[in-house]
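Convention: sequence-line order gives letters A, B, ...; per-chain numbering from 1.
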Protein chains: 2
Amino acid sequence: MTHVKDKRPYHHGDLRQAVIETAMTMLREGSGSGFKLREVARRAGVSHAAPYKHFADKAALLAEIALIGFDSLRERIIAAQERFSNDIPSALLATSKAYIAFGQENPDLYRLMFGAKIGAAEDVHLDQRALGVFEIVIDLLERGQAAGSIRTRPARGQAAACWAQLHGITMLMLDGLLIPEKVGDDAIEAALETLQEGLSA
Amino acid sequence: MTHVKDKRPYHHGDLRQAVIETAMTMLREGSGSGFKLREVARRAGVSHAAPYKHFADKAALLAEIALIGFDSLRERIIAAQERFSNDIPSALLATSKAYIAFGQENPDLYRLMFGAKIGAAEDVHLDQRALGVFEIVIDLLERGQAAGSIRTRPARGQAAACWAQLHGITMLMLDGLLIPEKVGDDAIEAALETLQEGLSA
DNA sequence: CTAATAATGTTGACGCTGACAACTTTTGTG
DNA sequence: CACAAAAGTTGTCAGCGTCAACATTATTAG
């Protein structure tokens, strides 16, 4: 325990975790273009090369953080659709809104999760933690089909349609491209309505 | 004219245009993350700071190139829907496919056009050259509504829905996120079908 | 036609980044 | 207890975007 004398010990204790948390804090602050590895180290009170003892490179850290993001997104979505257990279309709409809100509240994290900066994007998106979010939607659609409120189509394809629509809305929004003069004042509502109408029986 | 002796003249003649063209070539080559200003200069046979005499900064060059991209996208779309002048749903589908194909064939350019790296995104996307593409879709939808094949809704909102869906599909595709194991083998077709069904009367 | 001036290029620098190698300090185990 | 593995540090490298100072060529005014 290095007899405590206030001076920082040579070893951090749990850098790796500290690095992840610091990086996520910086993402939340929304500096704009993600975070710099060196600045993370600086804030964690450690030298600029220390993180490399825990992560092969920046992409590896990004991948780790992306998975945490998916956990968070998952919770958000589950919470949103909880109170619509039997009204599938409403649950679906709540899910859509939760997804978009997640993006709006965590712009840099969202970009990181679905961006190309991660090294092995496949590994991340096929991980159960990311896959799980997608499966929630598939499940919802299948239940809707069984209940007769959702059009009968392969649910996986419908889920892909949902994902694309939501990702498109979120990205356009984050990049400031949903300009009222161009797309009107309620572009998001319109896009969600079109999606619902394309899915409902 | 500097008596020609094979040696390059001090002045390039038309750098600015050469810079734009070189940059676009590099985008086409798809190095991955856009292009480096210094490398553009290198390829144009000019010093690393020369481009700054023609562009305030990299973002300004990006904006210029983005507009050229919109011209190209516009042509692509017009050509695609030309032979479906009266069958609006088919014209819409052709438009969607052309949009996606444009993204697939010009990944880096597409990312540049709709990405956040441009300084004044608003200026670019409110420019007539970018706005025009969007208006083509609005026009198509209005004609479809008049003909009774498209659901009666504010066309601007429907166009926004189209844009979001197409942007989402394209982005997911470019970022390698449309993994068959996750979304199935025909995710794009499914997404387009859902969109089409959400729009048709 | 010439001299001043504007436009265009070049060189060299600054601060920043991600990454690596070599070295030091601590931890933990045979 | 010795000694290897783990964790942190320092120093360095190449590359980037950008700017200031300087050099060269074009253009225009007198």
Using side-chain hydrogen bond (donor to acceptor under 3.5 Å, both in side chains) as the criterion, list what pairs up with B:Asp87, not counting sequence neighbours. B:Ser90

Separation of atom CD in A:Glu39 from atom C1' in C:dG15, rounded to whole Å: 14 Å

In whole Å, I'd like the distance from the CZ atom of B:Arg16 to the P atom of C:dG9. 12 Å

Tell me which pairs pass side chain to side chain donor-acceptor pair (under 3.5 Å) where either residue lies in residues 45-61 of chain B, with sequence neighbours left out. none

Is it true that A:Gln128 and A:Glu135 share a donor-acceptor pair across their side chains at a distance under 3.5 Å? yes

Any pair counted as salt bridge (charged side-chain N to carboxylate O under 4.0 Å, His left out), so long as it reaches residues 37-52 of chain B, sequence neighbours left out: B:Glu29-B:Arg43, B:Glu39-B:Arg43

Can you check whether any acceptor in the base of D:dT18 is under 3.5 Å from a donor in the side chain of B:Arg38, or vice versa? yes

For the pair made of CG in B:Asp14 and P in C:dT8, what is the distance, rounded to whole Å? 10 Å

For DNA chain C, what residues of residues 48-61 of chain B have any heavy atom nearer than 4.0 Å? B:His48, B:Ala49, B:Ala50, B:Lys53, B:His54

Suppose we screen for side-chain hydrogen bond (donor to acceptor under 3.5 Å, both in side chains). Which residues come up paired with A:Glu142, at least two apart in sequence or across chains? none

Side-chain N or O of A:Arg42 versus OP1/OP2 of C:dT17: is the shortest distance under 4.0 Å? yes

Residue pairs passing the ring pair (Phe, Tyr, Trp, His ring centres under 6.0 Å) test with at least one member in residues 166-201 of chain A, sequence neighbours excluded, are A:Tyr110-A:His167, A:Phe114-A:His167

To the nearest angstrom, the CG-P distance between A:Leu37 and C:dC20 comes to 12 Å

Using whole Å, report how far CZ of A:Phe35 lies from P of C:dC16. 19 Å

